[in-house]
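First the structure, in the form of structure tokens, and then the observations on it.
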Amino acid sequence: MLSFTCTNCGAEMSISRIGMLACPYCNAKKFFDDNELNEYRAFRKRMLEFISASAQGEEKAMHAQRLWTDSENIRFVDANGNDISIEYIYCNVEDGMTVYTARRNVIYHIPKEKNSYAEVILHNLMKLSYPQADMKGLSKCFPKLAGRFALQDGALLLIFEKNENFYPAALFGELSAKHVEWIISRMENIACVLAYSELVHGGITPDAVYINPWTHEAALFGSWHKAGHALPADVSDLEGIRSTAKMLLGGGIAAAPAPLLEFIDGKPAADAYEDFACWDEVIEKKLGGRHFTKFEL
């Protein structure tokens, strides 16, 4: 399991393919030492083998198992004295709360002093609504509660369902422009659902955004404690899409197509629907239209 914390501010650091760590919050940077770099390269190789494996069958299962050899386990004790064991491949800490990426779940560990986050998260998720004409099944882009546990120390666990092929975008390190483009498209769709629900998420980052590299789907599973009622002219989620795109491009941002850079460097539109239309025009008229490109690292 790979997780690198900024020694300056405590945030999770994003990973570049050349072995550099960068903090998206305080802009601190550092390089892997030799052991960390070798560990990252080995993990990235397993991730590449996993992604490149056939979509079905034993080959994919074998590579998935190899990928999960990097997993770690953490144990909790619930209020009734029962053990709860979590095997996870990635975690990030935000505002004192830890989010674990397990194979089929996203798990929020909320310490006692932050218990109020649980009600905020669940309240916000209950406010989500979808247009009746939704033909894309956008509800799967958001967390669905699978369980809630009170722990002996007063902390809470919120367990949400996750397709096993969804992983935090931060886990992939730098991505090429062609992959960042489809991630932006999916996030623009998600932003429209948030707008329709009169919600602002307020925490769109590579840690909060999960992607399925095989199907080119995206989901917003993290940072729901930051969400709330959308105020007029609030474009923070549209800004979050742009900042996330920049972090995913990383050191490769200079090689990205000019229309993509103009969009992510530009001012968001007045609302999510207009912003989606602007991005759609960039894709269709300036980036050659929509084409499914096999995911690669």
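Bear in mind the structure is a predicted one, so any value in this text is a computation, not a measurement.
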>> Check for me, please, whether I74 and I84 land in the same ILVMFWY cluster - side-chain distances under 4.5 Å, paths through other members count.
In response: yes
>> For E217 versus W182, what's the shortest heavy-atom pair and its separation?
In response: O-CZ3, 3.6 Å
> Taking H229 for the side chain and V200 for the main chain, is one N or O donor matched with an acceptor at less than 3.5 Å?
Replying inline: no
> Got I184 and F263 here, is their nearest side-chain heavy-atom distance under 4.5 Å?
Replying inline: yes
> Side chains of I190 and F142: closer than 4.5 Å at any heavy-atom pair?
Replying inline: yes
> Would D234 and S236 count as having a side-chain donor-acceptor pair, cut-off 3.5 Å?
Replying inline: yes
> Can we say R242 and D265 salt-bridge, meaning some charged N sits less than 4.0 Å from an Asp/Glu carboxylate O?
Replying inline: no
>> Quick check against the 3.5 Å criterion: does T205 have a side-chain atom that pairs as donor or acceptor with the backbone of D207?
In response: yes
> Any side-chain heavy atom of E284 sitting closer than 4.5 Å to one from D280?
Replying inline: yes
>> Does this structure show an ion pair linking K286 with E281, if we count only N-O contacts that are shorter than 4.0 Å?
In response: no
> Closest heavy-atom contact between H109 and A155?
Replying inline: NE2-CB, 3.6 Å
> What distance do F221 atom CZ and C141 atom SG have between them, rounded to the nearest 0.5 Å?
Replying inline: 8.0 Å
>> Test side chain to side chain contact (heavy atoms under 4.5 Å, CB included) on L158 and I107; report intermediate values, then the result.
In response: CA-CA 6 Å; L158 295 182; I107 301 155; over 6 Å; no
> Any side-chain heavy-atom pair from E174 and M247 closer than 4.5 angstrom?
Replying inline: no
> Of the non-hydrogen atoms in Y196 and P131, which two are nearest, and what is the gap between them?
Replying inline: CE2-N, 3.6 Å
> When rounded to the nearest 0.5 angstrom, what is the spacing between CG in N115 and CE in M97?
Replying inline: 11.5 Å
>> Please determine whether side chain to side chain contact (heavy atoms under 4.5 Å, CB included) holds for the pair V99 and E94, giving the CA-CA distance in whole Å, both sets of side-chain angles, and the decisive distance to 0.1 Å.
In response: CA-CA 8 Å; V99 181; E94 188 172 17; over 6 Å; no
>> Could you report the tightest heavy-atom contact between A218 and M187, atom names first, then the distance?
In response: CB-SD, 4.3 Å
> Aromatic rings Y108 and F160: how do their planes relate, parallel, tilted or perpendicular, breaks at 30° and 60°?
Replying inline: perpendicular
> So F172 and H179, ring-ring contact (aromatic ring centres under 6.0 Å, His included) or not? Walk me through it.
Replying inline: CA-CA 11 Å; F172 294 89; H179 298 317; 9.4 Å; no
> Is L248 close to P206 at the side-chain level, that is, under 4.5 Å between some pair of heavy atoms?
Replying inline: yes
> Are L145 and L138 joined in one hydrophobic group, where the rule is that I, L, V, M, F, W and Y side chains link up if heavy atoms are under 4.5 Å apart?
Replying inline: yes
> Judged by atom type as modelled, is there a donor-acceptor pair below 3.5 Å linking the side chain of D275 to the main-chain atoms of A269?
Replying inline: yes
>> For a salt bridge (Lys or Arg N to Asp or Glu O under 4.0 Å) check, start with the C-alpha distance between E119 and R148, then their side-chain angles and the critical distance, and finish with the verdict.
In response: CA-CA 11 Å; E119 298 309 321; R148 174 176 178 166; 2.7 Å; yes
> To the nearest 0.5 Å, what is the distance between SG (C192) and CD (E274)?
Replying inline: 11.0 Å
>> On a heavy-atom basis, which atom in D237 and which in L199 lie closest, and how many Å separate them?
In response: OD2-O, 4.3 Å
> Under 6.0 Å between the ring centres of Y90 and Y100?
Replying inline: no
> Is it true that a side-chain atom of K114 and a backbone atom of G96 form a donor plus acceptor pair closer than 3.5 Å?
Replying inline: no
>> Testing the basics here: between N105 and A146, what is the closest heavy-atom pair and its distance to 0.1 Å?
In response: ND2-CB, 4.5 Å
>> Using side chain to side chain contact (heavy atoms under 4.5 Å, CB included), reason through K162 and R104 one step at a time and then give a plain yes or no.
In response: CA-CA 5 Å; K162 177 185 77 69; R104 296 180 179 85; 5.7 Å; no
> Hey, does T215 have a side-chain heavy atom less than 4.5 Å from the side chain of N165?
Replying inline: no
>> Run T101 and Y210 through side chain to side chain donor-acceptor pair (under 3.5 Å) and show every step you take.
In response: CA-CA 10 Å; T101 300; Y210 284 55; 2.8 Å; yes
> How many angstroms lie between OG in S85 and CZ in F76, if you round to the nearest 0.5 Å?
Replying inline: 9.5 Å
> What is the distance from atom NZ of K226 to atom CG of D95, rounded to the nearest 0.5 Å?
Replying inline: 5.0 Å
>> Between D78 and N82 (side chain of the first, backbone of the second, donor and acceptor by atom type, cut-off under 3.5 Å), is there such a pair?
In response: yes
> Do L194 and L128 have side-chain heavy atoms sitting under 4.5 Å apart?
Replying inline: yes
>> I'd like to know if the side chain of N124 reaches the main chain of V120, judged simply by a donor and an acceptor atom lying under 3.5 Å from each other, with no hydrogens or angles considered.
In response: yes
>> Closer than 4.0 angstrom, basic N to acidic O: yes or no for K246 and E239?
In response: no
> Could you give the distance from CG (N212) to CH2 (W214), rounded to the nearest 0.5 Å?
Replying inline: 6.5 Å
>> For E87, is there any backbone N or O sitting under 3.5 Å from a side-chain donor or acceptor partner on S71?
In response: no
> Distance-only, no hydrogens or angles: does the S243 side chain make a donor-acceptor pair with backbone N or O of G240 under 3.5 Å?
Replying inline: yes
> Which is it for I211 and F166 under the side chain to side chain contact (heavy atoms under 4.5 Å, CB included) test, yes or no, and what are the steps along the way?
Replying inline: CA-CA 5 Å; I211 61 173; F166 274 92; 5.6 Å; no
> Quick one: are K140 and N163 in side-chain contact, heavy atoms under 4.5 Å?
Replying inline: no
>> Donor-acceptor pair, distance only, cut-off 3.5 Å: does the side chain of R186 make one with the backbone of H216?
In response: yes
